[in-house]
Every structure is written in structure tokens, then in C-alpha cells.
Amino acid sequence: MEQILHLINEMSPFLLLGFLLAGLMHAFIPGQIYSRYLAKPTFSSVLYSALFGIPLPLCSCGVIPTAMSLRKEGASKGAVVSFLIATPQTGVDSIIATYSLMGLPFAIARPIIAFVTALFGGQMVNMVKDPSPALPREGEESQHNKPVEAECECGHNHEHSHEHEQSFIGKIKEALSYAFLEMMEDIGKWLMIGLIVAGLITVLVPDSFFEVFKDNSLASMLLVLAFAIPMYLCATGSIPIAVALMLKGLTPGSALVLLMAGPACNMASILVINKVMGRKTLITYLASIIAGAVGFGLVIDHLLPREWFIPTIAPSAECCHEETSLFSWICTGVLMLLLINAAWHHYHGGHHHCHCHDKESCDTTTKNHDMEITIKGMNCNHCRANAEKAILSCDGVTSANVDLASGKAQINGNADLNEIRSAVEALGFSVEN
């Protein structure tokens, strides 16, 4: 428990700053910009996709429907794969948290490696012809890929006019809500799991555990890959686990493999990419992640100074008895309260986060609906938002309200249920009614 508390005290100021920056990006950067430059199967679309994805605070599950939504809107396969590789590996919150526990070299290396790997993977996919049966080819019109103008996340369409544009204060409120409620719901659980696992590793794993790999860093990287690829690891939650393993003797390069490959893919993303984008795309995607993580890991272990990649947190148990600043304790208290609030809201709130100005209209939508379906496979608010967007893109839908906790989607309008099902399943979810 002492080790876990020490990790939280080290990370909490940086985590709060990272969450805030992520919220500001969400509120002030228009969502349309992420799909505007991604349509053509060219290197420039892959480049834009990687640049867009690196700072976004999307977790491994949230990036899947977001990427599939970009694909539906016309983004090329290469751009989508570039986005899928770059986005979950980094994010402003995880970059700042990496700096807090692992130092500046690791914090710089993570986004650079994610960027290079995304460029390589996306361009390789552009060069491999693999027909996508579930989604229309680039340039084709589809009943599911027409844009939804000025759509808010609660499912109401608003005409794009000045009277409906949010004020600066409104955007600040949206940023704070997204950062300290929605993001806390999405990754808070995985962050705490990561901290607990790190504490258990520190206590239970013998100091000599990784000595067998002392002269064979490639073997330790392959061992890490075997566990990291199928598991769900969020970019921020993987940091304390990597630190704990390094303090037990894992090489910096192998820790990098965990930081990059773990968040970049899991069984959910593997199954969805195989279903929606084809087996060749899946193989290229996995090969790019593995080659990038292992290749750069070997560079760190054998070509760069080892002292650059020593965790900034002290490796001895005595460190936990050092005096912690009052500011760190305050940040830890605030972080704990926000996590508790997000957990209570997620499991007992019974509704999602509405960003509408018309609260009465939103309340009416949740009470009166023409049909209801259950969406399986949603794990975060990004999943929910993309499911709503897919439903709203269907002909005849006037409003939609998706609840993350229950998976229930309440839909108003005269829409074809099969069309709605197809739109939602194209994102990788399953539908029951």
C-alpha cells in the first residue's frame, strides 16, 4: 500500500494537468478536422492521421469506434491504421505522466516512436491491397456516411449557426466535464489497476527475477509482447507497471515495448480490425506495432546511454518515507475525489453527459422514444459518442440517446432498424433488440 501511495503522489499533479489539457483539446479543437484530410490513400493522409492521433487522450477501446467512424466518413485504410497505432500509445496525459515517473528521455521517446511506427504501418497498409467488405471504398457514397452537422453528444442535431455556437465559458465547462468526469470514467479504473499491479510487482516479484534476461534483452521483449498484445493496457495505466518492472531488473527497452505495444492493441482491436478491414490489414497493423516497439527497444538497450532511461522515482523502499510536499498530497486528494465521483456517476448516474444547451429537449428525448436497442461492446464515452453518431447518420432518425452503463440506445424517428444495426455494427459493436 505504501508503494502504491508513493506512486500516486508522484503522478497526481501531472495526471491532473494532463487531464485538463486533454479536456481543453476536446472542447476547442473541432472534431471535423480529424477526418477532413484523411480521405486519400496517400502518405499525407497517413502523416496527418498520426499527427492528429498522438496528442489525443483516447484509450485502446475508445480509439476503435473512433477509427471505424473515420473509415465510414471516407478516411483511407492507411490513415485509419496510422490513427489506430499512434493514438492509444500516447496522449497529452500519458506523456506528462511518463515524464513524472520515467523522466524526460522516455517522455520524448514515446510520441516520437508512436509517430514513426504509425507512419510505417499506415503507409504499408496503403501499399497492401485488402478489400474491406464491411465499409464502402474511399469516395463511395453510403447511407451511413453522410455528415451530421453540428451534432452534440447527446444526440440532437443543431443547425450550424452563430446562435448555437458555444461561448468561451461554455467550452471551458465542457473541457472540465470531459477532463474530470468523462475521462475519469474512461481510464480511471485502468489507471488504478495499473497502480495496484505496480505495487504488487514491487512487493511480490523477486529482485533477481529478470537476471535471466540480463544479456538477452530480445528475449525479455518477446516475453513482454506475449503478455502485452492481447491484454488491455491504457497508455497512462501502463506507466507504473513499466516502472515497477524496471525497478525489478527489466531493461529500459523491454519497458518501452510494454509502454508501446500494450496500449496499441488488444484482443478487441484485433477482432474488430480483422472483421472490418480485413486480415491483411490486421497482419500489417500487428507487424508494424511489434517491429516498431522491438526495434526501438533494441536501440534504447544497445545504442543509447542506460542512464538516460532510469526511472525518476527512487528504487528503494526508503523513498516512501521521504517527506512528500503538501501540494502533492492535495493533488492526490483531488484525484481520488474525482475518481470516486466518476465511478459513482458511471454506475449510479443512469445517464450520459449531455452537452446540449436545450436541457428540456434532452430530458424529453430520454423519456419518450420510438425504439430501443442494446449495444454491446462499448467501454468508454468515446464508444458511446461514436455509437450515437452512427445512429444519427441513419435516414429517419431525429434523435438518439445512448447510455454507456446499460448499453441501451433510445431512438426517436421513423428509421429502419436494419439500417441502424448495420451502422452500429460497422463500428465493431454488436446490437440486440
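All residue numbers in this chain count up from 1 along the given sequence. Bear in mind the structure is a predicted one, so any value in this text is a computation, not a measurement.
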Rounded distance (nearest 0.5 Å) linking atom [atom1] of [X] with atom [atom2] of [Y]:
| X | Y | atom1 | atom2 | answer |
| --- | --- | --- | --- | --- |
| T236 | D93 | OG1 | CG | 4.0 Å |
| N414 | D416 | CG | CG | 11.0 Å |
| T117 | I289 | OG1 | CD1 | 8.5 Å |
| D395 | E419 | CG | CD | 5.0 Å |
| L223 | L258 | CG | CG | 10.5 Å |
| N401 | R384 | CG | CZ | 8.5 Å |

(message) So, applying side chain to side chain contact (heavy atoms under 4.5 Å, CB included) with V125, which one of L282, T281, I283, V46 is it?
(response)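 Of L282, T281, I283, V46, side chain to side chain contact (heavy atoms under 4.5 Å, CB included) with V125 is met by T281 alone.
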Does any non-hydrogen side-chain atom of [Y] lie less than 4.5 Å from one of [X]?
| X | Y | answer |
| --- | --- | --- |
| L417 | M371 | yes |
| R421 | I373 | no |
| R110 | M102 | no |
| I113 | L259 | no |
| V431 | E425 | yes |
| R306 | D301 | yes |
| M336 | L339 | yes |
| L56 | F83 | yes |

Closest contact, heavy atoms only, [X] versus [Y]:
| X | Y | value |
| --- | --- | --- |
| I85 | A114 | CG2-O, 4.5 Å |
| S217 | S254 | O-OG, 3.6 Å |
| G407 | M378 | CA-CE, 3.7 Å |
| L247 | P311 | CD2-CG, 4.2 Å |
| C265 | L286 | SG-CD2, 4.1 Å |
| P252 | I300 | CB-CG2, 3.8 Å |

(request) Spell out, as yes or no, whether a donor-acceptor pair under 3.5 Å connects the side chain of S49 to the backbone of S45. (result)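 No; judged by distance alone, with no hydrogens or angles, the pair does not exist.
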(request) Keeping the roles fixed (side chain from N126, backbone from G78), state whether a donor-acceptor pair exists under 3.5 Å. (result)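 Between the backbone of G78 and the side chain of N126 there is a qualifying donor-acceptor contact (under 3.5 Å).
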(message) Walk me through whether I411 and I391 qualify under side chain to side chain contact (heavy atoms under 4.5 Å, CB included).
(response) CA-CA 8 Å; I411 304 166; I391 295 171; 3.9 Å; yes
(request) Given side chain to side chain contact (heavy atoms under 4.5 Å, CB included), test F120 with T284 step by step and report yes or no. (result) CA-CA 10 Å; F120 174 77; T284 307; over 6 Å; no
(request) Please state whether the rings of F309 and F106 are parallel, tilted or perpendicular, taking 30° and 60° as the class boundaries. (result)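 Rings of F309 and F106: perpendicular, as their planes differ by over 60°.
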Flag if over 12 foreign heavy atoms under 6.0 Å of [atom1], [X]:
| X | atom1 | result |
| --- | --- | --- |
| Y99 | OH | no |
| F327 | CZ | no |
| Y48 | OH | no |

(request) Could you walk me through whether F180 and L20 pass the side chain to side chain contact (heavy atoms under 4.5 Å, CB included) test, one step at a time? (result) CA-CA 8 Å; F180 299 123; L20 177 60; 4.0 Å; yes
